[in-house]
Protein chains: 2
Amino acid sequence: MTAEEILQRHKLKNTGCRKFILTELLRSDSALSEEEIKKPFPELFDRVTFYRTLKTLEEQHVIHRIVLHDNSVKYALNGHHSDQNPVHAHFHCGKCDEVLCLEGKSHFDAELPADFVTREVFVVVEGLCAGCNHPS
Amino acid sequence: MTAEEILQRHKLKNTGCRKFILTELLRSDSALSEEEIKKPFPELFDRVTFYRTLKTLEEQHVIHRIVLHDNSVKYALNGHHSDQNPVHAHFHCGKCDEVLCLEGKSHFDAELPADFVTREVFVVVEGLCAGCNHPS
DNA sequence: TTTACAAATGCAACAATGCTGCAAATATAG
DNA sequence: CTATATTTGCAGCATTGTTGCATTTGTAAA
């Protein structure tokens with residue numbers, strides 16, 4: 001799957017900034033912050049363009065935001081999930097800062113007060129990844 | 001439980017800003033943002049003092065931060081929970097913006113990759129509260 | 001291919017928030 | 001009451017979020 005294919009599939013214009021962001025996210029196993037995405041070419045696009053492009057891609061459900069407990073934000077490509085499951089869970093390694101999607105691998109239950117309705121559930125698991133837990 | 005008692009219990013000096021923040025949190029059923037805490041007397045303390053006081057209270061485990069999916073932050077008093085349960089779950093009403101603690105009322109499970117370790121789990125349930133779901 | 005238009009981009013600018021250093025004020029232990 | 005460590009207020013800077021507007025660009029239709 002290429003950046004261009006993703007954009008076509010979502011009927012979005014094939015622009016430089018969009019291609020760049022999607023390409024970087026495709027290259028990465030883990031979710032990336034805005035800064036991490038920009039890293040290879042920090043000055044390639046204007047700050048505001050970057051900001052607006054991320055916003056658009058999120059609104060169009062191409063990518064999703066992950067808000068960590070330290071208030072920082074990372075972005076990841078959306079999978080082809082059914083969107084039936086309202087639980088969005090991610091793992092964040094406190095040492096190497098990597099973020100992993102736990103889609104389909106987690107379960108959450110809560111007893112809400114009467115008449116409360118759940119729309120979405122956002123979970124961030126803070127911990128250590130295998131590499132950081134057992135540094136060899 | 002008064003603000004002074006809480007401060008004594010944590011061996012913290014009994015200062016104006018601390019008392020003010022704790023008093024406002026004690027008065028409220030739901031978690032409050034910095035702005036919401038300040039609301040009654042917006043100019044009573046300097047912006048930086050407020051910022052640093054919240055940070056201190058959090059570091060001393062008097063209050064905890066709740067980071068919502070829109071990146072905003074709310075604060076709530078810590079209960080007397082055993083701290084055995086690493087899951088911190090809160091409900092956020094997307095309409096009236098209230099935040100409720102779901103402590104002890106939720107359960108989370110995830111299949112992590114081998115050798116990954118969980119330290120803490122932060123959950124935000126986005127939805128509608130009873131009042132906003134069934135406006136009478 | 002050219003044209004036309006909506007959309008995307010870059011730039012300027014401002015708001016909100018996070019954060020640090022330092023001097024003055026203050027809480028509390030003795 | 002005094003001494004001292006802590007807290008506070010102020011000035012100021014960094015980062016991030018956001019908007020308006022003029023210019024450029026992608027794409028669909030002529």
Side-chain angles (χ1 to χ4, degrees), chain A residues 2-25 31-39 41-75 97 99, chain B residues 2-25 31-39 41-75 97 99:
Chain A
T2 68
E4 274 95 346
E5 284 171 356
I6 293 173
L7 290 172
Q8 275 175 21
R9 211 168 282 209
H10 286 82
K11 296 181 184 169
L12 292 173
K13 281 190 186 172
N14 182 23
T15 68
C17 190
R18 289 177 184 170
K19 273 193 289 186
F20 177 71
I21 290 175
L22 294 181
T23 304
E24 290 304 313
L25 289 178
L32 300 176
S33 67
E34 179 172 335
E35 205 189 347
E36 286 164 344
I37 298 174
K38 279 179 177 169
K39 204 174 219 172
F41 304 94
E43 304 297 322
L44 191 50
F45 297 99
D46 187 80
R47 202 171 72 84
V48 178
T49 301
F50 228 90
Y51 162 74
R52 280 195 273 227
T53 302
L54 286 168
K55 209 171 158 187
T56 302
L57 291 175
E58 193 198 351
E59 284 165 1
Q60 300 302 313
H61 307 103
V62 182
I63 64 177
H64 60 277
R65 283 157 45 87
I66 302 150
V67 180
L68 302 182
H69 190 247
D70 68 357
N71 238 355
S72 64
V73 178
K74 302 235 181 190
Y75 297 90
D97 197 41
V99 170
Chain B
T2 68
E4 273 96 347
E5 284 169 357
I6 294 175
L7 289 172
Q8 276 174 21
R9 210 167 285 209
H10 290 265
K11 296 179 183 168
L12 292 172
K13 281 190 185 171
N14 183 22
T15 67
C17 190
R18 290 176 184 170
K19 272 192 288 185
F20 177 71
I21 290 175
L22 293 181
T23 303
E24 289 305 312
L25 288 177
L32 299 177
S33 67
E34 178 171 337
E35 206 189 346
E36 286 164 345
I37 298 174
K38 278 180 178 167
K39 203 174 219 171
F41 303 95
E43 305 297 322
L44 191 50
F45 297 99
D46 186 79
R47 202 171 72 82
V48 178
T49 300
F50 228 90
Y51 162 74
R52 280 194 274 225
T53 303
L54 286 169
K55 209 172 157 185
T56 302
L57 291 176
E58 193 199 349
E59 284 164 1
Q60 300 302 314
H61 307 104
V62 182
I63 63 177
H64 60 276
R65 284 156 45 87
I66 302 151
V67 180
L68 301 182
H69 190 247
D70 68 355
N71 236 0
S72 64
V73 178
K74 302 237 180 189
Y75 297 90
D97 197 42
V99 169

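Everything quoted here is computed from the prediction, not taken from an experiment. Chain letters run A, B, ... following the sequence lines, proteins first, then strands; residues in each count from 1.
Put simply, CD on B:E36 is 16 Å from C1' on C:dA16, counting in whole angstrom units. Rounded to a whole Å, the CZ atom of B:R52 is 10 Å from the C1' atom of C:dC22. Taking atom CG of residue A:L12 and atom P of nucleotide C:dA7, one finds them 11 Å apart after rounding to whole Å. At whole-Å resolution of the value, NZ in B:K38 and C1' in C:dA16 are 11 Å apart. Spacing between atom NZ of B:K13 and atom P of C:dT26 amounts to 12 Å, rounded to whole angstrom units. When rounded to the nearest whole Å, the span between CD of A:E59 and P of C:dA7 equals 13 Å. As rounded to whole Å, 12 Å separates atom P of C:dC11 from atom CG of A:L44. Rounded to an integer number of Å, the gap from B:Q8 CD to C:dA29 C1' is 14 Å.
The aromatic rings of A:F50 and A:F20 lie perpendicular to each other, with more than 60° between the two planes, well past the 30° mark.
Among the protein residues, A:T49 comes within range of the nucleic acid bases, having at least one heavy atom under 4.0 Å from a base atom. If you check every strand for non-hydrogen atoms under 4.0 Å, B:T56 touches nothing.
Side chain of B:R65 to backbone of A:H69: a donor-acceptor contact under 3.5 angstrom is found. Under a 3.5 Å cut-off, the side chain of B:T53 and the backbone N or O of B:T49 do form a donor-acceptor pair.
When each of B:N14 and B:K55 is assigned the nucleotide of DNA chain C with its nearest heavy atom, B:K55 is the one assigned upstream, toward the 5' end. Remark on DNA chain C: of its neighbouring residues B:Y51 and B:T15, the 5'-side contact belongs to B:Y51, judged by nearest-heavy-atom nucleotide. Positionally, the nearest nucleotide of DNA chain D for B:V48 lies more toward the 5' end than for the other of A:R65 and B:V48. Residue-to-nucleotide proximity on DNA chain D shows that, of B:D46 and A:R47, the 5′-proximal contact is made by B:D46.
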Quiz prompt | CA sep, side-chain torsions, deciding dist, call: A:Y75, A:H64, side-chain contact (heavy atoms from CB on, under 4.5 Å) | solution = CA-CA 6 Å; A:Y75 297 90; A:H64 60 277; over 6 Å; no
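On the nucleic acid side, DNA chain D contacts chain A at distances under 4.0 Å to non-hydrogen atoms, with the end points of that region at D:dT16 to D:dT27.
A salt bridge links B:K74 with B:E36: at least one charged nitrogen is closer than 4.0 Å to a carboxylate oxygen.
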